[in-house]
There are 2 protein chains.
Amino acid sequence: MSEQNLLDVMIARTKLSKKQTDKQQKIVEAAIRIFAEKGYSNTSTSEIAQAAGVAEGTIFRHFGTKDNLLLSVILPFLKEWVPVMAEDVFQEIMSEEASFEDFVRALIKNRIAFIKENKEVFQVVVKEFLYNEELRKELFPHLSESIGSRLTNVLQRFQARGELADIPIDRLKRMLISFVGAQFVSRFVLLPEIQDLDEDAEVEAIVKFIMNGIGK
Amino acid sequence: MSEQNLLDVMIARTKLSKKQTDKQQKIVEAAIRIFAEKGYSNTSTSEIAQAAGVAEGTIFRHFGTKDNLLLSVILPFLKEWVPVMAEDVFQEIMSEEASFEDFVRALIKNRIAFIKENKEVFQVVVKEFLYNEELRKELFPHLSESIGSRLTNVLQRFQARGELADIPIDRLKRMLISFVGAQFVSRFVLLPEIQDLDEDAEVEAIVKFIMNGIGK
DNA sequence: TGATTTAGTGAGTAACTACTCACTTTTATA
DNA sequence: TATAAAAGTGAGTAGTTACTCACTAAATCA
């Protein structure tokens, strides 16, 4: 992977994001589609060029390396993922006197909507996050900082209010993230062919599981 | 991937499993190590040969193709995974008058022990299951049949006993598997560097989450 | 022991890989 | 409109890939 700091690339890419060529966009779209289907490592630049209706050289004119093309797919998604986590859900909900259950439900619905809008990129992110150790090691600290710390605050507040069981915050956080994450991964990556049979009911079941478990 | 039926390969490999050469074993061991670290697609046969202290031709003498080598890594693991799921835990526990909580605890402890013994292969299986669509499509039916149906029986019995919430079995099953699976994946694949800080407490937290959720 | 099968080798190969570069075409600017 | 800059091209390149095959070494069997 790229040796330079990912945050720098992230910022640089944002500045350039306004002036994007037609073909540049076609390349990214094709890359997303094929990366999602077969994985980054199993995709050749010539295949992307063909799918995008572009000469192979054009890819390298704009993105320099194949690695950079992957970043151009993943980073915009993550850049949107993180702040939306902050504003749309956290602030809005926390200002009111909402219950933890409401918070969890709103968070899950919000994230499902976002993933649905970016289904293929989500698939790429999940697959490469698991497969590409360098990428993971580079991105993990940023994600766990920006998302994790926010979640810690929220959980602490709800635990102080007495709405949560007396489990250490870190363990709570880990279980929450991995459970919800697993739902998203199994729904949108492992079994993407399944349609929304009953999305609301599914969300409700997830919320109930989190709140009350499955015992009786 | 291989065109032939995976079950046939599975059976064929079992028959041959007795007479395994020294070098054959070294190759598999090296493959497991490197596949787990960098992923199948990012590993070359020459790299495996070098790590195993073997000529590259030797790999192809024994395994024919790189795909077959991957199967020789994954299938023995799955072949052990499935029956142990049946005997060690299911039968033993179900014969007694154990509670659902006992069952879950025993199941999780048993699976953790098995994964610990086969940590690297587990990593390979998880990564390739997500990355390699053909492999997933081939293996998924067998796994969901042998494991899923057994779990369905167990859940039905406990639900009939009134120990479980009135959630449709399929949804129960999906949530249970994805939650427990997520714990294993995050523990042994995403964050393998973390040691057993307090494994019993962690297992207990997982069990409690499943039984009672995190609400109060 | 001699003969046959099996294990092991490593140089060789065709296909593919990411990437380059001299060139043409299009766009922006003066 | 003339000029400079940027976008786009595709044949070419050096390196790597999975895999082959003629061969030698070791094990098995008569």
Side-chain angles (χ1 to χ4, degrees), chain A residues 1-4 9 12-13 15-31 34-35 37-74 124 128 131-132 134-135, chain B residues 1-4 9 12-13 15-31 34-35 37-74 124 128 131-132 134-135:
Chain A
M1 290 300 302
S2 156
E3 293 91 5
Q4 36 188 331
V9 180
R13 207 147 299 284
K15 286 176 185 162
L16 297 169
S17 66
K18 292 157 197 170
K19 36 178 178 178
Q20 244 200 344
T21 312
D22 229 51
K23 305 225 161 187
Q24 213 168 336
Q25 220 166 342
K26 287 248 170 81
I27 291 168
V28 172
E29 284 167 15
I34 309 177
F35 285 167
E37 191 198 324
K38 335 191 324 177
Y40 172 79
S41 300
N42 298 324
T43 304
S44 69
T45 48
S46 75
E47 196 178 353
I48 296 167
Q50 205 183 347
V54 147
E56 206 177 339
T58 310
I59 293 178
F60 292 95
R61 163 111 323 168
H62 285 295
F63 302 95
T65 64
K66 194 189 164 195
D67 271 354
N68 255 316
L69 177 56
L70 176 63
L71 292 179
S72 300
V73 166
I74 287 180
V124 176
E128 297 311 322
Y131 217 71
N132 188 326
E134 290 187 44
L135 191 77
Chain B
M1 291 303 302
S2 158
E3 294 89 6
Q4 36 189 330
V9 181
R13 206 145 300 283
K15 285 175 183 162
L16 296 168
S17 66
K18 292 157 195 167
K19 36 179 176 175
Q20 244 199 344
T21 312
D22 228 51
K23 306 224 161 188
Q24 213 167 337
Q25 221 166 342
K26 285 249 170 79
I27 290 168
V28 172
E29 283 167 15
I34 308 177
F35 286 165
E37 190 198 327
K38 335 192 324 178
Y40 173 79
S41 299
N42 299 323
T43 305
S44 69
T45 49
S46 75
E47 196 178 353
I48 296 167
Q50 204 182 347
V54 149
E56 207 177 339
T58 310
I59 293 178
F60 292 94
R61 161 111 323 170
H62 285 295
F63 302 95
T65 64
K66 195 189 163 192
D67 272 353
N68 255 317
L69 176 56
L70 176 62
L71 292 178
S72 300
V73 166
I74 288 180
V124 176
E128 297 312 321
Y131 217 72
N132 189 327
E134 289 185 46
L135 190 77

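Naming convention: chains lettered A, B, ... in sequence-line order (proteins, then strands); numbering from 1 in each chain. The figures that follow rest on heavy atoms only: side chains count, while hydrogens, waters and symmetry mates do not. The structure displayed is predicted, hence computed values, not measured ones.
Counting only heavy atoms from C-beta on, B:Ser46 has its side chain closest to D:dT17 among D:dA18, C:dA18, D:dT17.
Between the CG atom of B:Asn42 and the P atom of C:dA18 there is a distance of 12 Å, given to the nearest Å. Put simply, CD1 on B:Ile48 is 17 Å from C1' on C:dT9, counting in whole angstrom units. Per the geometry, CG belonging to A:Asp22 stands 16 Å off C1' belonging to C:dT25, to the nearest Å. Atoms CZ (A:Phe63) and C1' (D:dA7) sit 13 Å apart, rounded to a whole Å. As a whole-Å value, the separation of B:Gln50 CD from C:dG10 C1' is 14 Å. Separating the CD atom of B:Glu47 from the P atom of D:dT16 is a distance of 12 Å, rounded to the nearest angstrom. For B:Asp67 and D:dT17, the CG to P distance is 16 Å, given to the nearest whole Å. The CZ-C1' distance, from B:Phe60 to D:dT17, rounds to 9 Å in whole Å.
The shortest side-chain heavy-atom distance between B:His62 and B:Thr58 falls under the 4.5 Å cut-off. Residues B:Glu47 and B:Lys38 have side chains in contact (heavy-atom distance under 4.5 Å, counting atoms from C-beta outward).
Atom OG1 of B:Thr45 and atom CD of B:Glu56 lie 4.0 Å apart (nearest 0.5 Å).
Contact check, A:His62 against D:dA7: no side-chain N or O comes under 4.0 Å of OP1 or OP2. Between B:Ser44 and the phosphate of D:dT16, there is no side-chain N or O to OP1/OP2 separation shorter than 4.0 Å. In this model, the phosphate group of D:dA18 is approached by a side-chain N or O of B:Lys66 to a distance below 4.0 Å at OP1 or OP2.
For the pair B:Arg61 and B:Thr65, nearest-nucleotide mapping onto DNA chain D gives the more 5' position to B:Thr65.
Counting non-hydrogen atoms under 4.0 angstrom, A:Thr21 reaches the backbone sugars and phosphates but no base. Within the 4.0 angstrom heavy-atom criterion, only backbone atoms of the sugar-phosphate kind lie near B:Thr43; the bases stay farther away. Among the protein residues, B:Thr58 comes within range of the nucleic acid bases, having at least one heavy atom under 4.0 Å from a base atom.
No option in B:Val124, B:Leu69, B:Asn132 other than B:Val124 meets the side-chain contact (heavy atoms from CB on, under 4.5 Å) test with B:Ile74.
Side-chain N or O atoms of B:Thr65 include one that pairs as donor or acceptor with a backbone N or O of B:Asn68 at under 3.5 Å.
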